[in-house]
Amino acid sequence: MKYSAVIFDLDGVICHTDNYHYLAWKQIADDLSICFDEKINNRLRGVSRMDSLDIILETYNGTLTDQEKRMYAEKKNIIYRSLLEEMSPTDLSDDVRKTLVELQERGYKLAVGSSSKNAKLILNKLGLGDFFDAISDGTNVTRSKPDPEVFICASEYVKVKPEKCIVVEDAKAGIEAAIAANMDSAAIGDATLSGMATHNLKCLSDLLVIL
Ligand code: BG6
Ligand code: MG
């Protein structure tokens with residue numbers, strides 16, 4: 001087998017929490033009278049909470065103290081987590097479920113590589129709390145994608161060399177992180193537009209053909 005491990009981004013790959021991030025940030029942007037649209041939102045994919053806020057504030061007509069920034073980031077997280085409350089195993093699509101189960105049966109190590117500090121909560125909500133061999137997320141890294149740290153940690157957790165790992169990502173920053181980690185990548189959604197990934201997927205089960 002060319003690869004021994006598959007490292008999945010979470011938001012926008014396993015589930016559609018990317019839309020919840022959008023809705024929560026939109027409320028913060030509206031509070032601050034900042035323009036926020038899908039184009040800006042796509043720049044937040046894979047980017048940590050505080051770095052996302054800095055991107056949103058690029059067009060803010062004023063300045064915020066670090067304490068105010070932390071307050072807005074916390075407020076966004078409260079809105080986001082209230083949206084996550086509604087999540088359940090029915091939010092896992094048949095395509096994603098089928099792909100994960102089949103890859104596990106084929107003997108791949110499966111890991112999560114997410115920038116989110118809410119990753120474990122989301123996986124529990126989806127009924128995937130015990131499914132993956134390893135979880136590398138926003139709680140074990142200090143640098144956000146496009147830095148490769150989150151994927152390097154995932155590869156160490158499953159004890160597979162980077163060159164035997166493939167990353168699945170919906171974020172351009174995530175594809176850049178995979179390249180920096182010396183890993184192949186499969187892009188889905190917005191990340192396919194980057195033209196930088198090893199493979200482009202229309203749906204997650206396309207992986208079953210590639211791998
Ligand atoms: C990533 C999302 O998965 O997690 C980003 O793509 C988000 O949009 C980042 O900012 C951090 O998430 P959280 O849940 O820690 O605020
Ligand atoms: Mg993502």
Side-chain angles (χ1 to χ4, degrees), residues 3-27 38 41-42 44-49 52 76-141 145 150-151 153-155 157-158 160 165-171 174 178 185-192 199-211:
Y3 308 107
S4 303
V6 188
I7 304 174
F8 293 89
D9 173 51
L10 181 63
D11 298 318
V13 171
I14 302 287
C15 54
H16 290 295
T17 39
D18 49 338
N19 189 45
Y20 294 158
H21 280 294
Y22 172 76
L23 292 172
W25 280 128
K26 177 82 179 120
Q27 285 195 41
E38 282 290 340
N41 187 57
N42 283 335
L44 311 184
R45 291 180 189 275
V47 175
S48 73
R49 198 179 307 160
S52 294
K76 180 265 175 177
N77 196 44
I78 290 168
I79 300 166
Y80 177 62
R81 285 176 73 106
S82 72
L83 294 168
L84 291 180
E85 276 302 309
E86 302 303 316
M87 280 187 89
S88 75
T90 59
D91 286 293
L92 197 64
S93 74
D94 289 344
D95 189 72
V96 171
R97 187 183 302 278
K98 174 182 91 173
T99 307
L100 292 175
V101 170
E102 166 98 30
L103 292 176
Q104 192 178 58
E105 283 172 2
R106 289 191 200 175
Y108 290 98
K109 291 281 184 197
L110 303 184
V112 168
S114 166
S115 302
S116 175
K117 290 184 160 76
N118 292 299
K120 292 186 182 82
L121 168 74
I122 294 165
L123 289 167
N124 284 333
K125 287 262 177 203
L126 293 172
L128 291 175
D130 296 320
F131 179 82
F132 289 93
D133 296 296
I135 298 167
S136 174
D137 64 20
T139 63
N140 63 268
V141 296
K145 300 169 189 174
V150 74
F151 295 143
C153 287
S155 72
Y157 293 164
V158 293
V160 174
C165 295
I166 181 166
V167 164
V168 189
E169 262 291 349
D170 73 314
S185 58
I188 193 163
D190 190 67
T192 60
H199 309 277
N200 284 326
L201 312 177
K202 288 199 176 65
C203 57
L204 203 68
S205 57
D206 284 351
L207 270 181
L208 300 174
V209 182
I210 292 166
L211 299 181

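Residues that satisfy the salt bridge (Lys or Arg N to Asp or Glu O under 4.0 Å) test with Asp137, not counting sequence neighbours, are Lys120. Residues satisfying the side-chain hydrogen bond (donor to acceptor under 3.5 Å, both in side chains) test with Asn42, not counting sequence neighbours, are Arg45, Asp190. The side-chain hydrogen bond (donor to acceptor under 3.5 Å, both in side chains) test applied to Tyr3 returns Asp184, not counting sequence neighbours. In this structure, Lys76 has no salt bridge (Lys or Arg N to Asp or Glu O under 4.0 Å) partners at least two apart in sequence or on a different chain. Annotation: salt bridge (Lys or Arg N to Asp or Glu O under 4.0 Å) contacts of Asp11 (sequence neighbours excluded): none. Taking the side-chain contact (heavy atoms from CB on, under 4.5 Å) definition, one finds that Asn200 meets it with Ala187, Thr192, Ala197, sequence neighbours left out. With sequence neighbours left out, the side-chain contact (heavy atoms from CB on, under 4.5 Å) criterion links Ala111 to Ile7, Ala134, Ala154, Val158. The side-chain contact (heavy atoms from CB on, under 4.5 Å) search around Val112 returns Leu10, Ser114, Leu123, Phe132, Ile135, not counting sequence neighbours. Taking Asp91 as the reference, nothing meets the salt bridge (Lys or Arg N to Asp or Glu O under 4.0 Å) condition, with sequence neighbours excluded. Listed by chain and number, the residues in a side-chain contact (heavy atoms from CB on, under 4.5 Å) with Ser52 are Trp25, Leu44, Val47 (sequence neighbours excluded). Residues passing the side-chain hydrogen bond (donor to acceptor under 3.5 Å, both in side chains) test with Asn118 are Asn77, Arg81, sequence neighbours excluded.
Here the side chains of Gln104 and Val101 are not in contact, with every heavy-atom distance at 4.5 Å or above. Side-chain contact between Cys165 and Phe151 is absent, with no heavy-atom pair separated by less than 4.5 Å. Looking only at side-chain heavy atoms (C-beta outward), Glu85 and Lys125 come within less than 4.5 Å of each other.
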Quick one: side chains of residues 201-211, donor-acceptor pairs under 3.5 Å with protein atoms, not counting sequence neighbours, listed by atom name and distance.
unit_1	atom_1	unit_2	atom_2	d
Ser205	OG	Asp95	OD1	2.5
Asp206	OD2	Lys202	N	2.8
Asp206	OD2	Cys203	N	3.4

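Under the 3.5 Å distance criterion, the side-chain polar atoms of Asp170 are left unmatched by any main-chain donor or acceptor of Ile188.
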Take Ser115 and Lys145 through the side-chain contact (heavy atoms from CB on, under 4.5 Å) test and state the conclusion after the steps. CA-CA 7 Å; Ser115 302; Lys145 300 169 189 174; 3.6 Å; yes

